[in-house]
Amino acid sequence: MSKHRTEDTRLLDKQLLQQALVMSVKKLDPRVMFRNPIMFVVEVTAVFATVLFLAGLGREGSAVAGQICLWLWFTVLFANFAESLAEGRGKARADSLRQTKSSTQAKKLSRLGARGYELVPSETLRKGDLVLVEAGDTIPADGEVVDGIASVNEAAITGESAPVIRESGGDRSGVTGGTVVVSDAIRVRVTANPGDSFLDRMIGLVEGASRQKTPNEIALTILLVGLTIIFLVVVAALPLYAAYSGAVLPTVFLVALLITLIPTTIGGLLSAIGIAGMDRLVKANVVAKSGRAVEAAGDVDTLLLDKTGTITYGNRMAHAFVPVGGASEQELAEAALLSSLSDDTPEGKSIVTLARKRYKLSINEGAIAEFVPFSAQTRMSGVDLENGVEIRKGAVDSMLRYAGGREAAVSGGESLMVAPVELKPVVERISKSGGTPLVVARDGHLLGVVHLKDIVKPHIRERFEQLRAMGIRTVMVTGDNPQTAAAIAAEAGVDDFLAEATPERKLELIREEQAKGRLVAMCGDGSNDAPALAQADVGVCMNDGTAAAKEAGNLIDLDSDPTKLIEVVMIGKQLLISRGALTTFSIANDVAKYFAIIPALFMAAYPQLAALNVMNLTSPESAILAAVIFNALIIIALVPLALRGVKYRAASAGALLRNNLLVYGLGGLILPFVGIKLIDLVITGLGLV
Ligand SMILES: Nc1ncnc2c1ncn2[C@@H]1O[C@H](COP(=O)(O)OP(=O)(O)OP(=O)(O)O)[C@@H](O)[C@H]1O
Ligand SMILES: [K+]
Ligand SMILES: [Mg+2]
């Protein structure tokens with residue numbers, strides 16, 4: 001377990017409480033309050049009532065009026081307190097992150113091959129600069145490893161002290177400034193300017209400094225403001241009715257009525273709920289670039305995952321060379337080795353290792369004229385030799401197309417059958433075992449197959465079952481062939497898969513799903529996943545992924561655990577449910593307060609209204625004061641629920657809605673009757689009214 005996950009599990013910490021108390025007063029600044037329209041109305045009303053009280057005219061200056069003013073201020077302070085408490089935990093985390101952001105000396109290289117380096121302060125580094133980072137050095141900036149392999153301690157960011165491997169090529173090349181190289185040395189190309197680093201952004205995010213209201217929050221706020229305006233008009237019109245019936249309504253009572261009628265409970269807790277949701281995400285070691293992504297996660301229908309590195313460990317290793325069509329094993333191994341000498345991917349490196357180890361091969365690298373790097377589009381890599389020989393290796397379908405095309409070009413006509421008969425059974429055998437077959441060809445002649453092995457991560461099956469219980473469909477998308485894909489899909493227990501997918505095809509699939517009205521989440525780590533991560537409603541990028549992928553995603557999982565999406569979905573659902581539940585509660589609540597105050601206001605003029613005084617409250621004054629006190633206290637009482645969130649269990653949306661309406665709707669309706677009655681008894685008992 002990482003340290004900050006165990007550290008701040010306590011909801012109420014003494015220091016946090018103190019800070020929150022101070023902040024609740026500071027937030028009374030109208031420029032800050034204005035961001036929360038409901039509470040701003042309460043504040044303005046409190047100022048107004050206090051001025052009237054201090055002017056001390058008639059009943060406006062009574063002791064009850066004074067107490068009402070006091071509780072109006074408490075209402076605002078309690079709401080500020082809830083928000084400050086929610087923010088406090090993020091601030092503490094931001095402070096500890098800031099400590100890791102010290103300046104270091106960077107070993108700047110003039111070019112990749114340079115022998116010497118120049119020592120410069122890390123904050124002078126700019127995008128594109130090259131640096132050398134050796135064992136014991138702190139990585140001076142965010143970047144991409146362009147040369148070498150090293151183990152890196154990322155505890156500063158992830159809280160996880162076990163070192164991770166970072167290497168050039170492939171999907172594990174991203175490094176973060178502030179983390180420490182534990183062994184070996186790497187050359188890193190800087191990808192972020194000072195002030196724009198991952199750490200900087202993370203600090204801003206956990207601190208809530210850059211927190212923007214989500215579209216859902218804005219919509220809800222508009223609804224609440226609408227309700228507030230309606231009640232404002234109603235309350236403003238009341239004195240006219242009262243005058244007609246000969247009753248005189250003290251302004252302070254009207255003020256009390258207004259505040260109890262407008263949705264202050266949800267208005268006061270709304271932002272705390274949002275911040276607490278983001279905070280839970282930080283605790284799950286996920287960094288959200290927007291609150292919107294978290295909310296979308298709560299409603300996700302389809303989850304796309306890539307296979308290699310996400311469902312499997314991703315260090316696909318060459319396991320065997322299987323020749324076909326009369327080629328010898330030695331010949332195949334030699335061609336595979338040649339084609340992989342400059343191939344930086346884990347697959348390429350493992351082929352070199354196996355060929356060197358098992359066949360004691362050594363090749364004169366000087367013979368290579370041109371290197372053809374692997375790309376996700378071509379799904380091939382290889383070399384052109386100086387003597388004109390062309391060696392390629394790659395995915396089966398790509399290689400068959402390539403060999404077919406070459407043959408057609410050579411024979412000047414229709415392509416003949418290019419594949420030796422044994423190819424199909426060999427490919428099938430490897431694929432069915434879940435391995436990846438890489439076909440190797442020399443000058444268009446297929447020499448055989450490299451068997452790459454990969455392992456499905458343990459326990460991934462149960463996690464997919466959990467997702468299914470939440471109503472989420474999982475689809476594996478892979479560049480691999482359909483048979484391998486099917487084998488791994490069956491082993492991992494995904495609902496569906498798409499094989500031989502190029503980055504464009506992944507993107508298309510997401511668009512298709514979205515066109516059907518589904519919300520799509522995508523987990524990925526590679527640069528070739530970047531377009532899909534950007535298109536998905538929820539793009540979860542692994543922290544060990546490439547810079548491009550991290551840029552494209554809207555959530556970053558610091559633990560690089562693809563099944564983390566389950567937690568993200570739960571947190572998102574919990575956020576949506578908490579907000580819904582407290583909104584229901586708040587509005588139901590106000591109905592009961594109506595019954596407390598209306599009879600109290602008009603009892604003198606219309607004695608028949610006594611029938612509405614179902615709570616049998618002592619006096620009109622005590623009824624009104626009790627309602628205002630209850631209105632304030634309920635905010636504080638619900639702070640723990642707002643911060644912790646309503647519990648989420650996997651269940652259908654309909655069942656959840658029914659339960660919540662029952663608990664929070666009915667509860668919200670009944671609780672004030674009990675609460676206001678009790679407060680009425682207490683304040684009359686204490687002789688306050
Ligand atoms: N270094 C390489 N040289 C040649 N071909 C490769 C190399 N690495 C992978 N391939 C082939 O290209 C295919 C696509 O690889 P890629 O890593 O792009 O897959 P992907 O789209 O990321 O999905 P997944 O991660 O599930 O494989 C692989 O299935 C493999 O057949
Ligand atoms: K209210
Ligand atoms: Mg991949």
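In this chain, residues are counted from 1 in sequence order. Note that ligands are numbered from 1 as they come in the structure, with each ligand's atoms numbered from 1 the same way.
- In this structure, S560 contributes its side chain and M542 its backbone to no donor-acceptor pair below 3.5 Å.
- T265 lies apart from the K ion (ligand 2) in this respect, since none of its N, O or S atoms is found at a distance under 3.4 Å.
- When atom types are taken as modelled, the side chain of D343 and the backbone of G382 share no donor-acceptor pair closer than 3.5 angstrom.
- Taking every non-hydrogen atom of L438 and a distance limit under 4.0 Å, the qualifying atoms of ligand 1 come out as 5 (N), 6 (C), 10 (N), 11 (C), 30 (C), 31 (O).
- Among the atoms of I259, an N, O or S atom is found under 3.4 Å from the K ion (ligand 2).
- Among the atoms of S586, no N, O or S atom falls under 3.4 Å of the K ion (ligand 2).
- Evaluation of the side-chain hydrogen bond (donor to acceptor under 3.5 Å, both in side chains) rule for E329 yields Y359 as partners, not counting sequence neighbours.
- If you look at T484 next to ligand 1, there are no close heavy atoms at all, none under 4.0 Å.
- With ligand atoms numbered from 1 in the order given, ligand 1 contributes 4 (C), 5 (N) to contacts under 4.0 Å with heavy atoms of G394.
- Relative to atom 27 (O) of ligand 1, the option among D454, T308, V450 with the closest non-hydrogen atom is T308.
- Per-residue contacts place T478 under 4.0 angstrom from the following atoms of ligand 1 (heavy atoms of the residue considered): 23 (O), 24 (P), 26 (O), 27 (O).
- Between D590 atom OD1 and N631 atom OD1, the angle centred on the K ion (ligand 2) amounts to 100° (nearest 10°).
- For ligand 1 and T345, the ligand atoms under 4.0 Å from any heavy atom of the residue are 1 (N).
- The closest approach between M476 and ligand 1 stays at or above 4.0 Å for every heavy atom of the residue.
- Between the side chain of S586 and the backbone N or O of L582, no donor-acceptor pair lies under 3.5 Å.
- A donor-acceptor pair under 3.5 Å is absent between the side-chain atoms of T264 and the main chain of T260, judged by distance alone.
- Taking a cutoff of 4.0 Å between a charged side-chain nitrogen and a carboxylate oxygen, E508 and R505 qualify as a salt bridge.
- When atom types are taken as modelled, the side chain of T583 and the backbone of R579 share a donor-acceptor pair closer than 3.5 angstrom.
- Among D454, T484, N481, D480, the one residue that satisfies the side chain to side chain donor-acceptor pair (under 3.5 Å) test with T436 is D480.
- Of the candidates R379, K506, R316, it is R316 that places a heavy atom closest to atom 28 (C) of ligand 1.
- Among the backbone and side-chain atoms of I262, an N/O/S atom is found under 3.4 Å from the K ion (ligand 2).
- Interface atoms of ligand 1 facing D343, defined by a heavy-atom separation under 4.0 Å, are 1 (N), 2 (C), 3 (N).
- Each of D384, T378, D443 was scored for a side chain to side chain donor-acceptor pair (under 3.5 Å) with R392, with one residue passing: D384.
- Using a cutoff of 4.0 Å between basic side-chain nitrogens and carboxylate oxygens, K457 and D561 are not scored as salt-bridged.
- Compare A499, G479, A532, P373 by their heavy atoms: the one nearest to atom 13 (C) of ligand 1 is in G479.
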